[in-house]
Amino acid sequence: MPDKRLSSHAYISLSECDQAIAFTFNSKVIKARSDDTIASALHAAGIGILSRSFKYHRPRGLYDGYGLGADLLLAVDGTPNVRGDKTRVEDGMDVRSQNAWPSPDFDAMAVNNTLVPLLPNGFYYKMFHRPKWLWPIAEKFIRKAAGIGAIDTTGETVDTRYEKRYRFPDICVIGGGPAGLASCLAACQEGKHVLLVEEDPQLGGHSVHTATKVANCQDDRLNGLSEQDAAGAIWDELKTYKNLEILTSTVVFALYEDNLIAAQSKHDLYKIRAGAVILAPGATDRHLVFENNDIPGIMTGRGVERLITMHGVKPGTRAVVIGNHDGVYHTAMLLQGAGVEVLVVADSRSDAATTEAARIVNENGTPIQPLSTIHAAKGRKSVNGAVIGDIAGKVEHASYRCDLIVIAAGFKPQLSLLSMGRVQPGWDEERQVFRVEKLPDGLYSTGDVHGTASFAQLYKEGKAVGLAAAQGAEQPQSVRSKEDIIVALPADIPAKGKHHFICKCMDVTRAEACASIAEGFDRVETLKRYTSMGMGPCQGKMCYEAVARLAAEDTGLSTSVAVPTTVRPPYIPVSFGVLAGRSQHLIPIRRTAMHDMHQQAGATFLNAGQWKRPHSYGDVQREARSMREGLGIIDVSTLGKLGISGPDAIDFLQFMLPGKFRKLATGKIRYSAMIGEDGILFEDGTLAHVKEGYYYMSTTTGNQDAIRSLFWWWIVTTDFDVKIDNLGPIFAAVNISGKNSRKLLEKLVDIDMSTEGFPYMSTRNATINGVPVMLFRIGFTGELSYEIHFPSEYGEAMWTHIMAEGAEYSIKPFGIETQRILRLEKGHLLPGIDTDALTNPYEAGVGFTIKDNKDDFIGKAFLKNFKDRGIENKLIPYKLSAGDAIPSDGVAILKAGKITGRVTSSRMSPILGYGIGLAWVNVDQSTPGTKIAIRLAGGGDVIGEVLDHAAYDPEGVLLKS
Amino acid sequence: MSFMLRCPNCGDRHVAEFSFRGEYLQRPQQEDEFASWADYVYMKENVQGKHFEWWYHGSGCQRWFLAERDTTDNTTQTTFWFDDRPRLINRESEPDA
């Protein structure tokens with residue numbers, strides 16, 4: 001294999017990089033330089049085919065080298081869809097091709113290519129649909145054939161930590177080319193905090209690969225410098241500004257409302273909120289459509305310039321150069337300087353260029369063909385020839401044997417980000433490009449995105465835009481001189497042949513597009529959807545202009561009304577890891593005051609909203625049994641706790657809750673459902689009248705923030721004079737349950753603990769070890785039990801004290817899972833688990849909490865309606881027989897083969913020795929004693945018996961003892 | 001949704017700090033027909049354009065306020081406390097609005 005690395009260049013000095021590294025491509029070791037991209041290293045190693053196209057699996061290779069096409073999506077170290085032409089190689093990197101099997105060089109699916117007539121336009125919609133049985137099989141096959149990349153769902157190869165980062169600059173400049181740098185300078189000079197985001201590792205944009213010198217620049221010190229040195233000089237000056245931050249190798253992939261910018265920097269996601277945004281994304285070589293325009297070996301002008309100047313790689317040996325502007329001679333000159341034999345420069349213009357580069361190219365003996373362009377490329381896996389002819393595609397001039405075809409047909413603005421500013425681009429007839437002229441407030445744009453121009457012009461415009469953005473002024477008009485404008489070639493050179501690829505990702509040819517238009521898909525958007533052109537992995541970044549122009553032309557519209565299809569984020573493939581990365585400081589982790597004690601006791605935790613709660617301390621069944629047989633303790637600090645007081649406290653509660661509370665004496669507690677204005681049960685809790693005029697309400701863990709905000713909303717919108725204390729974080733709480741709980745409490749406090757002195761559903765104040773506590777005699781578990789609420793700061797001390805005092809009764813902590821079994825044994829519902837957004841409280845069995853013969857309260861109108869409608873379904877407790885399988889939560893209940901209900905909670909009861917649960921059933925199945933068939937998830941039924949009330953202690957004797 | 005919302009207490013903040021409680025509506029009277037309650041609960045205007053709506057600054061000062069937002073482009077013209085509504089919401093006096 002001939003060495004493609006350049007040791008010298010005739011016209012420019014090559015960047016020096018002698019750091020040799022190695023990586024693997026499909027397990028083959030490839031030598032590279034540390035400044036290589038994956039693509040440049042592979043090109044230097046002579047690997048031409050890097051991937052296969054989506055539909056026909058045609059070979060794909062390096063094209064623009066700028067990350068816009070899908071040709072170079074590769075899997076790198078297990079991460080799929082990495083852009084090989086934008087990613088620097090690293091020593092030891094594992095790079096693999098995608099969408100090709102067994103290898104990109106020999107791809108079995110390329111049979112699609114020879115079967116082209118079998119895959120018509122719109123094949124997705126037409127084929128495989130009949131006979132019906134074929135589709136599921138065909139779809140599987142299509143998915144496999146069309147898939148790009150595979151995510152490693154085992155997580156074994158990925159050990160990356162993804163982070164989110166935030167920036168809030170006054171001005172964010174996107175793009176570090178000449179215009180972007182100039183606008184940074186102007187904004188910095190105005191004293192603004194500026195953030196510059198550049199996709200490449202270096203600044204300077206396209207100037208870094210040009211040998212052209214700056215002339216006529218308003219900043220005289222730049223005149224006479226090479227464009228690269230001029231960009232360097234601006235960069236040097238920018239470095240002196242402390243109010244500038246530069247992010248290189250960072251890709252902005254989305255622009256959202258109010259200047260929210262999303263950018264990816266390797267594994268980090270930057271969220272940037274800028275006062276103003278200056279978009280300077282530049283322009284890239286147009287995608288020219290002609291016969292066989294997709295063969296590897298066809299590259300863009302800037303693509304080969306980058307290979308030569310930035311990576312010192314010789315793009316090919318014999319080249320045909322196609323162009324329509326002066327820049328093409330610069331490209332040809334760089335090729336010649338790199339030792340590439342340039343066979344011809346086909347310039348579509350009639351007048352020969354007069355630039356220095358044109359003179360050199362000519363002196364080197366390369367013929368220049370005016371008024372001509374490419375008709376066809378030849379070759380299969382790589383280019384081996386080119387046919388040159390007239391622009392109309394009618395007359396062939398000459399054929400060449402070559403291994404490289406360079407297309408420098410002008411530049412298309414990189415409009416993706418500008419379109420994400422929610423503005424549709426339009427064709428600018430004068431400048432011969434698609435442009436977005438007017439952006440929403442706070443967004444500015446500058447540079448080649450308004451049509452290419454000289455360095456001096458870009459600098460001037462960039463400065464003006466930077467100043468305008470800093471001052472909050474209007475976007476200055478962009479100006480392009482006649483010399484700057486490149487007259488576009490026809491979007492498709494209409495020479496013969498059926499392989500004129502408009503969209504290289506999805507293999508859509510112009511012939512297919514025309515056939516689809518003939519079928520009636522004659523608008524850009526419908527045409528796009530039907531043919532899927534522009535919908536491939538590159539999302540139209542490469543082809544949007546060709547798609548719009550040709551769609552307009554072939555539907556008989558003029559280009560002036562052609563519009564590119566809508567651009568949406570993301571601009572580049574973004575890995576899920578980057579999007580899902582950590583942002584822990586935005587979601588707090590809440591731990592109870594006794595968290596460490598649980599950890600020491602070996603608890604496993606589960607997330608309940610933001611809270612970490614002990615799931616269990618090892619053996620759930622044993623925890624449940626041990627509490628029932630003696631004494632258990634559970635941390636219930638995460639309950640919501642609201643203190644409600646003020647002159648209208650009782651009126652407010654009468655309004656907020658469905659029950660009546662005026663007669664709730666001090667020291668008494670009542671259970672209450674919470675009902676929405678829609679009559680739906682969404683929450684429950686207890687209300688305690690702890691002292692005259694002061695009420696203490698508990699809510700569930702997950703709902704506490706929502707309930708608090710809801711209470712505040714009602715206070716804001718009504719005239720109630722009420723004060724709400726959010727005591728959730730102030731008080732820690734434990735529940736002590738079991739027949740020995742009274743004995744333990746008698747040791748802890750010095751108040752009357754007898755059934756008469758402290759009956760069920762009442763509250764007392766006491767002190768434990770000098771700490772003031774509130775005691776609530778309530779019982780979710782169905783045993784004699786007490787809840788102790790006390791200031792959070794005593795959490796550990798209280799827990800330790802209770803555990804020590806309870807040791808003689810073998811006190812054991814239990815977790816949430818155990819509590820769920822215990823409450824199920826009592827038939828208590830859990831809002832959100834046994835209820836949903838349609839739960840009628842009467843049907844759920846909490847109708848007893850509703851006293852609708854009172855004045856206005858939340859949900860009154862709907863509750864009356866529900867009552868009038870009667871009951872259709874019921875939430876009932878059921879039990880299984882010993883030995884029956886335990887159904888999963890959510891399984892169906894059947895009657896005569898029809899689904900009539902569902903199980904909402906199902907557990908094994910360790911104390912009873914059989915399965916129990918709660919289920920929604922049709923009212924005719926709700927009579928106690930009814931047998932219900934519960935369908936197990938794995939098939940087969942178990943028979944449950946509907947219970948009257950709780951499975952455990954139905955009369956509540958223990959509870960009230 | 002990524003727009004900035006001006007909390008009357010805290011100033012401009014990312015919309016993710018807030019939660020939304022729907023359109024600003026007048027609660028019916030208990031003696032009103034059930035249909036008007038059904039409308040209140042289920043039938044929203046879904047205006048294409050400007051309307052008044054409730055926001056709660058949950059990740060900030062935890063206060064409720066009203067905003068006039070254009071539903072087509074998420075620009076909010078004004079945000080204000082409930083008590084300032086007579087001055088800022090004129091539809092209470094204009095039955096057609």
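Fair warning: this is a prediction, and the values are worked out from it, not measured in the lab. Order of the sequence lines sets the chain letters (A, B, ...), proteins ahead of strands, with each chain counted from 1.
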| said: Please determine whether side-chain contact (heavy atoms from CB on, under 4.5 Å) holds for the pair B/W37 and A/E677, giving the CA-CA distance in whole Å, both sets of side-chain angles, and the decisive distance to 0.1 Å. | reply: CA-CA 9 Å; B/W37 280 95; A/E677 200 76 277; 3.6 Å; yes

Engaged part of [X] at the chain A interface, taking heavy atoms whose separation is under 4.5 Å:
X     : answer
B/A16 : neither
B/R27 : side chain
B/D32 : neither

| message | Using ring centroids (six-membered ring only for Trp), state whether B/F3 and A/Y256 fall under 6.0 Å. | response | no

| query | Are B/W54 and A/W713 close enough that their ring centres sit under 6.0 Å apart? | reply | yes

If you count heavy atoms of other groups shown closer than 6.0 angstrom to [atom1] of [X], is the number above 12?
X      : atom1 : value
A/E474 : CD    : no
B/Y42  : OH    : yes
A/R568 : CZ    : no
A/K864 : NZ    : no
A/D855 : CG    : no
A/R590 : CZ    : yes

| Checking side-chain contact (heavy atoms from CB on, under 4.5 Å) for the pair B/H14/A/K271: CA distance, chi angles, key distance, verdict? | CA-CA 11 Å; B/H14 190 297; A/K271 291 186 175 185; over 6 Å; no

| task | For a side-chain contact (heavy atoms from CB on, under 4.5 Å) with A/V716, tell me which candidate from B/F82, B/W81, B/F65, B/Y56 qualifies. | result | B/F82

| said: Between B/D12 and A/R273, does any side-chain N to carboxylate O distance fall below 4.0 Å? | reply: no

| Pair A/D705-B/Q62, side-chain contact (heavy atoms from CB on, under 4.5 Å): steps then yes or no | CA-CA 10 Å; A/D705 290 338; B/Q62 309 199 331; over 6 Å; no

| B/S2 side chain vs A/E257 backbone, donor-acceptor pair below 3.5 Å | yes

| request: Kindly say whether B/Q30 contributes a backbone atom to a donor-acceptor pair with the side chain of A/D856 at under 3.5 angstrom? | output: no

| field | Interface moiety of A/F862 toward chain B, non-hydrogen atoms closer than 4.5 Å | value | both

| Under 4.5 Å between any side-chain heavy atoms of A/N259 and B/M4, yes or no? | no

| query | Going from OG1 on B/T76 to CG on A/D258, what distance comes out if it is rounded to the nearest 0.5 angstrom? | reply | 7.5 Å

